[in-house]
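Please read the structure below before turning to the comments.
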Amino acid sequence: MGEDSEWVSPGEVLGKASKFKAGRGAYVSPDNLTVYASLTGLRRIISPPPDSPDQRPTVEVTGHKAHGAIPEPGSIVIARVTKVMARMASADIMCLGTKSVREKFTGIIRLQDVRATEIDKVDMHMSFHPGDIVRAVVLSLGDARAYYLSTAKNELGVISAQSAAGATMVPISWTEMQCPLTGQIEHRKVAKVGG
């Protein structure tokens, strides 16, 4: 029981949800009832109080960087796109809500999570470019220690992008941004800002 000092990383299995409650730095995956780590740190098991109706011990992960913000399903994040491929884009998560993250978290936006409508017509290269800053919501902790992100709401998507000329582009529609220097229009999945 006393595996107090096992070092774990995001996405590692901590135990079955039937045997453990998820504490800080841990979460239960909705589909297969497994408790996963959501941050890098030490796995600890805490015995329940004797009078607790739920006699499962709590498993938690204590971060080595004290109390840094951790993305969890439903969190709104700000991320910088690093790579765009045919079926997905990868991004480095920079902020969780309004707080900057201390650890490096990677996010993946899959083709089906770019927008809510006409999913079959999504073109990743017309949605994001490397260097774009996007607002997205965390869906889940996905594969390879990366969080699955979604931009499939009006207020989610690209919030800042640089044109080929190096200027910050201005959104002119849901799908286009324009360079103020050259007037060139580039395609993006643009986030609606404000009301």
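As the structure is a computational prediction, the values presented were derived from the model and not from experiment.
Salt bridge absent: K192 and E155 never bring a charged side-chain N and a carboxylate O closer than 4.0 Å.
Looking at heavy atoms from C-beta onward, E72 lies out of side-chain contact with V138 at the 4.5 angstrom threshold. Side-chain contact between I93 and L149: present, with at least one pair of heavy atoms (C-beta onward) separated by less than 4.5 Å. For the pair F105 and L96, the minimum side-chain heavy-atom distance is 4.5 Å or more. A heavy-atom distance below 4.5 Å is not found between the side chains of V61 and R24. When side chains are defined from C-beta on, K16 does not count as touching V35, because their heavy atoms never get closer than 4.5 Å. Looking only at side-chain heavy atoms (C-beta outward), R188 and H129 come within less than 4.5 Å of each other. At least one side-chain heavy atom of H187 sits less than 4.5 Å from a side-chain heavy atom of E176. Contact check for F20 versus L14: no side-chain heavy atoms found under the 4.5 Å cut-off.
Take S140 and apply the side chain to side chain contact (heavy atoms under 4.5 Å, CB included) test, not counting sequence neighbours, and it matches Y148.
Under the 3.5 Å distance criterion, the side-chain polar atoms of K189 are matched with a main-chain donor or acceptor of T151. Using modelled atom types, no side-chain atom of S52 and backbone atom of P48 make a donor-acceptor pair closer than 3.5 Å. One N or O on the side chain of T82 and one on the backbone of S90 form a donor-acceptor pair closer than 3.5 Å. Between the side chain of Q178 and the backbone N or O of V170, no donor-acceptor pair lies under 3.5 Å.
Applying the 4.5 Å side-chain rule to ILVMFWY residues, one finds I185 in the same cluster as I172.
With values rounded to the nearest 0.5 angstrom, T182 atom OG1 is found 9.0 Å from M169 atom CE. Atom CD1 in I76 sits 12.5 Å away from atom SG in C95 (nearest 0.5 Å). A distance of 13.5 Å separates NZ in K21 from CD1 in I45, rounded to the nearest 0.5 Å. One distance of note links OG1 of T117 with CH2 of W174; it measures 10.5 Å at 0.5 Å rounding. Atom CD1 of I133 and atom CZ of R80 lie 4.5 Å apart (nearest 0.5 Å). Here CE of M126 is found 12.5 Å from NZ of K121. Values are rounded to the nearest 0.5 Å.
In this structure, V81 is a member of the same hydrophobic cluster as V77, with clusters built from ILVMFWY side-chain heavy atoms closer than 4.5 Å. Note: the hydrophobic cluster containing V190 does not contain L156 (ILVMFWY, side chain heavy atoms under 4.5 Å, direct or indirect links).
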Run the numbers on V158 and F128 for side chain to side chain contact (heavy atoms under 4.5 Å, CB included), then give the verdict.
-> CA-CA 7 Å; V158 177; F128 309 107; 3.7 Å; yes
For M124 and V114, run side chain to side chain contact (heavy atoms under 4.5 Å, CB included): C-alpha distance rounded to whole Å, both residues' side-chain angles, the deciding distance at 0.1 Å, then the answer.
-> CA-CA 8 Å; M124 292 306 286; V114 171; 3.5 Å; yes
When you look at R56 and S18, which way does the side chain to side chain contact (heavy atoms under 4.5 Å, CB included) test go after all the steps?
-> CA-CA 8 Å; R56 290 177 300 166; S18 57; 5.9 Å; no
Is there a side chain to side chain contact (heavy atoms under 4.5 Å, CB included) between V134 and I109 once you walk through the steps?
-> CA-CA 10 Å; V134 297; I109 305 167; 4.3 Å; yes
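Nearest approach of L139 to R110, heavy atoms of both residues: CD1-NH2, 3.9 Å. When all heavy atoms of M177 and A161 are compared, the closest pair comes out as SD-CB, 3.9 Å. In this structure, P10 and L141 approach most closely via the heavy-atom pair C-CD2, 3.8 Å. Contact record, V13 with Y36: CG2-CE2, 3.6 Å, taken as the closest heavy-atom pair. Between S150 and D113, the closest heavy-atom pair is OG-O, 3.3 Å. In this structure, Q55 and P49 approach most closely via the heavy-atom pair NE2-O, 3.2 Å.
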